[in-house]
Amino acid sequence: MNRSSLALAIAAGVLAQQAVAGGFVEDSKATLGLRNFYINQDNRERTDNPSKQEEWGQGFLFNYTSGYTEGTVGFGVDALGLLGVRLDSGKGTHYNNGSDNYGGIVFPSEGDGRAVDDFGSIGVTGKVRVSKTEGRIGTLQPKLPVVTFNDGRLLPQTFEGGQVTSNEIDGLTLVGGQLEHAKGRNSSDARGLSIGGANNAQTGKFENKFYYAGADYKVTKDLLAQYYYGNLDEFYKQHFLGLTHVLPVGPGSLKSDLRYFYSTSDGLNSSAAGRSQGYRSAGKWASNDPLRGEVDNRTWSGFFTYTLGSHAASLGYQQVSGDSAFPFLNQGDGATAYLITDRQIGKFLSAGERTWVAEYGYDFTKAGVPGLKAVATYLKGSGIDNATGGDLGEWERDFRLDYTLQDGPLKGLGLSWRNAAFRSDVGGTTRDQDENRLIVSYTLTLL
């Protein structure tokens, strides 16, 4: 029995025995999120396909969260329903040649390379609570340093597995779990877990055991300390240390965000024989290097934001050391890395890469336009290692404008324009790119 089936069985048993339990029904909540999403990508520099990708769709995100049954041990069930409907995406702009089985940038592909008319999935999560400890099994959307779900397209990514979260000690949150599958943001199918360098859909290697555990400790009201551990079976082990601090400085405040990752090989990735089977990481090696593909990475960063009234100015730096790129759960169809450099297009996580980040944000409330916000970001990466020893670089410029209606019958309606330009010397599959996204979102409260 898989995790989702077990979650359904738990939920059915609970409902049959305690359907009238007050907390289960009275504390239930349900929403329907509406997301209209348009994206175009202009791939520059080379003439090979795809030179341009463009897709437009309407997403429906149903989210149901139950309360808990009464008693020392409380039971509940959550449900997530996702549906994406294609509004526009021709074969020439969806572009999928069938070689990678990953679909386009928003929709899955038909056999002829065209976008499907619609796609979706249903996820169910059984949950149990004892005191201040909660266990969940089924569909999960973790947002942790060692695993973070991606929500950068029409529909969000989901995982299947189990997780326990405990808040028994004031100021301390403990988390532990195991993931087995992921459903990509442009897919209805669950697939195994992998990393960059091994995630080709047809010839890559995928595993079904990712273990994770960690702690968030509120040292003071302004200082948060974190430790997390993640292990993708046969690929890598990863330790994370983080500190987040807010300090009043003059009339404003300074937020410091410090992160350190230490990643090493595990299982088949540790041996040349295992790596030759496809258990490889992306990195800088020459084709005849006996260490080619072994996870070997240290990544640290600092990101500092000074906020004064409507203004927020940030400066950050990240350094990637070791022979491999930064490893994270990446099935090849869109994933998120918990890095200060994971932005609209690029991630800036190659072996040896050193990246500066500058950002400025402005809230127009005091200028008489409440709900309007703008953010501009620039990233400059250098020192990227490669097999020939060259020092390669890349840069990205992002601009984001968001507006949320503050009153009227459509109060809460969100409008967002996101524009980005990315340029790189890396070559290979990395291409210069310009991108625009237009997003209209609205959430209906059903319960």
Side-chain angles (χ1 to χ4, degrees), residues 46 48 99-102 146-147 182 191-211 229-240 260-301 318-339 341-342 346-355 381-394 424-431:
R46 302 198 306 265
D48 54 315
S99 64
D100 58 15
N101 292 339
Y102 281 128
V146 291
V147 53
R191 69 171 71 240
L193 309 172
S194 190
I195 64 174
N199 57 12
N200 180 281
Q202 293 182 331
T203 61
K205 297 298 180 180
F206 297 83
E207 293 295 322
N208 299 116
K209 291 182 180 179
F210 177 76
Y211 306 98
Y229 172 79
N231 173 206
L232 178 56
D233 192 36
E234 307 295 358
F235 278 104
Y236 71 92
K237 299 176 181 178
Q238 185 173 81
H239 299 268
F240 169 82
Y260 176 74
F261 288 91
Y262 177 70
S263 308
T264 56
S265 59
D266 178 65
L268 290 169
N269 179 258
S270 301
S271 69
R275 295 192 296 274
S276 69
Q277 296 174 34
Y279 289 87
R280 291 191 297 267
S281 168
K284 69 176 186 179
W285 309 270
S287 59
N288 61 350
D289 191 327
L291 297 178
R292 178 173 177 254
E294 183 172 6
V295 173
D296 170 41
N297 185 273
R298 277 82 59 201
T299 297
W300 67 268
S301 64
Q318 177 175 286
Q319 182 167 314
V320 181
S321 302
D323 289 330
S324 75
F326 175 78
F328 65 105
L329 292 187
N330 179 5
Q331 287 60 254
D333 53 358
T336 295
Y338 187 71
L339 299 176
T341 55
D342 188 336
K347 295 190 184 323
F348 297 81
L349 47 67
S350 298
E353 189 161 13
R354 301 180 296 275
T355 306
S382 62
I384 298 173
D385 292 331
N386 62 74
T388 61
D391 184 355
L392 305 177
E394 55 192 2
S424 174
D425 325 304
V426 174
T429 59
T430 302
R431 298 178 66 173

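All values below were derived from every heavy atom in this structure, side-chain atoms included, with hydrogens, water molecules and symmetry-related copies excluded. Owing to the predicted nature of the structure, the values given are computational and were not obtained by experimental measurement.
- Taking OG of S276 as the start and CZ of R292 as the end, the distance is 10.5 Å to the nearest 0.5 Å.
- The closest donor-acceptor contact from the side chain of N269 to the backbone of Y279 lies under 3.5 Å.
- Side-chain contact between K347 and L339 is absent, with no heavy atoms from C-beta onward closer than 4.5 Å.
- Using bins of under 30°, 30° to 60° and over 60° for the plane-to-plane angle, the ring pair F240/Y338 lands in the perpendicular bin.
- Panel note: side chain E234, backbone K205; no donor-acceptor pair is recorded below 3.5 Å.
- G192 approaches F206 most closely through the heavy-atom pair O-CD2, 3.4 Å.
- You'll find the side chain of Y260 reaches within 4.5 Å of the side chain of R298, heavy atoms only.
- For residues 261-279, every residue pair satisfying the salt bridge (charged side-chain N to carboxylate O under 4.0 Å, His left out) rule, not counting sequence neighbours, is listed here: K237-D266, R275-E294.
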Atom pairs and distances, donor-acceptor, side-chain atoms in residues 322-335, under 3.5 Å, two or more places apart:
unit_1	atom_1	unit_2	atom_2	d
D323	OD1	K284	NZ	3.3
S324	OG	D296	N	3.0
S324	OG	D296	O	3.2
N330	OD1	G332	N	3.0
Q331	OE1	S194	N	3.1

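- Listed for the S350 side chain is no donor-acceptor partner under 3.5 Å among the backbone atoms of E353.
- Separation of atoms CG (L193) and CG (N199) is listed at 11.5 Å; rounding is to 0.5 Å.
- Evaluated for a side chain to side chain contact (heavy atoms under 4.5 Å, CB included) with S263, the options T299, I195, V295, V146 yield exactly one hit, V295.
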